[in-house]
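Structure first, commentary second.
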Amino acid sequence: MCGRYTLTKSQKELQQFFGVDFPMGFSPRYNIGPMQTLPVLSLDDSGNKLMVSLMRWGLIPHWAEGVVGAGHINARSETVAEKPAFKDAFRHRRLLIPANGFFEWRQEGKEKEAYYINFPKNELFAFAGLWDVHQTPQGKRQETFTILTAQANPNLQDLHHRMPVIVEPDAYNAWLSGDADHASIFRAPLSAQLTFHRVGPAVNRVGFDAPECIAFYEKPQLSLGF
DNA sequence: CCAGACGTTGTT
DNA sequence: GTCTGG
DNA sequence: CCAGACGTTGTT
DNA sequence: GTCTGG
C-alpha cells in the first residue's frame, strides 16, 4: 500500500508550510522508496516546537542486532499499540513525515498499473509515523522510521483497501506529543479529498527520480500497423 | 512499493 | 516462489 | 525456566 | 526489550 511516495516541493515551500527550518536543505523528490534517508518532523526538547531530522525509511527496533535488513516500512494503526516492534515507539517516538503524494499499484489481469494519489491542489501533508534507533553492524547509531496505515477512504477503495494515515495540521501537536489516541488519528476528513490518476511504468524503476513518475498516463493502444 | 537475485568451495 | 536491496 | 519471534501487503 | 510457546 504505501511503499513509495513523493515530496515534489522545494526547501522554501516545506519551511513555509510546516513553519520550521530545514537546515540540511531539500530538493524535490518524485520517487521515494524504502531504505532511503528523508526529512521527518518531531517535537524538540521543549516539547512545543517542530524540528526536522533525517532518518532512513524502514523501522528497525532498538533491540534488533546484526544484519537486520530493510526494517518495517509500514505499521498497522489498528495494532500498533500492542505489537512488540512498535509498542514503545507508539508511546514515545512519534513522527510526521512530509509528503505531497504517494503511489499504489493495482493488479489488472497480468499487468500491474501504477497510480499516483495526491490532493487536487497538490498541497503538502504529513503521514503519521514512528521512529526508533539501533546500532548498525558497523556500530553506528541509525535512526529509522515507519509509516502508519489504515483502512482506505471510500474515494480510494477502488484502488486499494489500505492507505497511509494522514495527520490533520490541527492535530500535529497532539499526535507528536502522544495525546492523540486512535480515534483522532483516524478522524482525517482531509483524506476524503484525495484523488488519483494513472501513471506510467517510470515509477517502477528503483532510483529513477523525475517528474515523469507522476505524469498522467494513457495506456498505449494496440496498433495493427495500418 | 518494484527489481533482481536465487551458489559453493576453501581460506583467513 | 521467495528473499534482499533500493 | 529458556528459546524464539518480533511486520505489512496482496494473492490464492 | 518484551511477549509467546514449549
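So you know, we letter chains A, B, ... as the sequences are listed, proteins then strands, and number each from 1.
In this structure, Glu78(A) pairs ionically with Arg76(A), as a charged nitrogen and a carboxylate oxygen lie closer than 4.0 Å.
Side-chain N/O atoms of Asn100(A) and Thr8(A) include a donor and acceptor closer than 3.5 Å. No side-chain donor from either of Arg56(A) and Thr37(A) sits under 3.5 Å from a side-chain acceptor of the other. For Glu82(A) and Thr79(A), the side-chain atoms include no donor-acceptor pair closer than 3.5 Å.
In this structure, CD of Glu111(A) is placed 19 Å from P of dG10(D), rounded to the nearest angstrom. Spacing between atom CZ of Phe103(A) and atom P of dT9(D) amounts to 19 Å, rounded to whole angstrom units. Residue Glu82(A) contributes atom CD, which lies 11 Å from atom P of dG7(D) at whole-angstrom precision. The distance between atom CZ of Arg205(A) and atom P of dG6(C), rounded to the nearest whole Å, is 16 Å. Atom NZ in Lys87(A) sits about 16 Å away from atom P in dC6(D), given to the nearest Å. The CZ atom of Phe127(A) sits 17 Å away from the P atom of dT8(D) (whole-angstrom rounding). Rounded to an integer number of Å, the gap from Leu159(A) CG to dT9(D) C1' is 14 Å. Here the P atom of nucleotide dC3(C) and the CE atom of Met35(A) are 17 Å apart, to the nearest Å.
Proximity of the aromatic rings of Phe127(A) and Tyr5(A) is defined here by a centroid distance below 6.0 angstrom, and this criterion is met.
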Practice task
Assess whether side-chain contact (heavy atoms from CB on, under 4.5 Å) is satisfied between Val20(A) and Leu41(A), documenting all intermediate values.
Solution key: CA-CA 9 Å; Val20(A) 57; Leu41(A) 303 169; 3.9 Å; yes

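Below 30°, between 30° and 60°, or above 60°: for Trp105(A) and Phe103(A) the angle between ring planes is between 30° and 60°, a tilted geometry. Taking the six-membered ring where tryptophan is involved, the planes of Phe86(A) and His72(A) are perpendicular, since the angle between them exceeds 60° and thus also 30°.
Taking atom C1' on both dT9(B) and dG4(D), the two are 32 Å apart, rounded to the nearest angstrom. Of the C1' atoms belonging to dT4(C) and dG7(D), the separation is 15 Å, rounded to the nearest Å. Taking atom P on both dC2(B) and dT12(D), the two are 14 Å apart, rounded to the nearest angstrom. Rounded to a whole angstrom, the distance from the C1' atom of dG10(D) to that of dC1(B) is 12 Å.
Among the heavy atoms of the strands, none lies under 4.0 Å from Leu59(A). Using a 4.0 Å heavy-atom criterion, one finds that Ala64(A) contacts no nucleic acid atom at all. Heavy atoms of Thr149(A) sit under 4.0 angstrom from primed sugar atoms or phosphate atoms, though from no base atom. Here Arg4(A) lies in heavy-atom contact (under 4.0 Å) with a base.
The side chain of His161(A) lies closest to dG10(D), out of dG10(D), dG1(E), dC3(E). Considering only side-chain atoms of Gln107(A), the nucleotide from dT11(D), dT8(D), dC6(D) that sits closest is dT11(D). Distance from the side chain of His62(A) is smallest for dG1(E) among the nucleotides dG10(D), dG1(E), dG5(C).
The side chain of Lys112(A) contributes no N or O atom lying less than 4.0 Å from OP1 or OP2 of dG10(D). Distances shown here put a side-chain N or O of Arg76(A) below 4.0 Å from the OP1 or OP2 atom of dT9(D). OP1 or OP2 of dG10(D) lies within a sub-4.0 Å distance of a side-chain N or O belonging to His160(A).
No more than 12 heavy atoms of other residues, nucleotides or ligands shown are found within 6.0 angstrom of CD on Glu212(A).
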Report each atom pair, protein N/O against N/O of nucleotides 1-4 of chain D, whose distance is under 3.5 angstrom.
none

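Lacking a ring centre under 5.5 Å from that of the base six-membered ring together with a plane angle below 30°, Phe86(A) does not count as stacked on dC6(D).
With a cut-off of 3.5 Å on both Watson-Crick or G-U wobble distances, the partner of dG1(C) is given as dC6(B).
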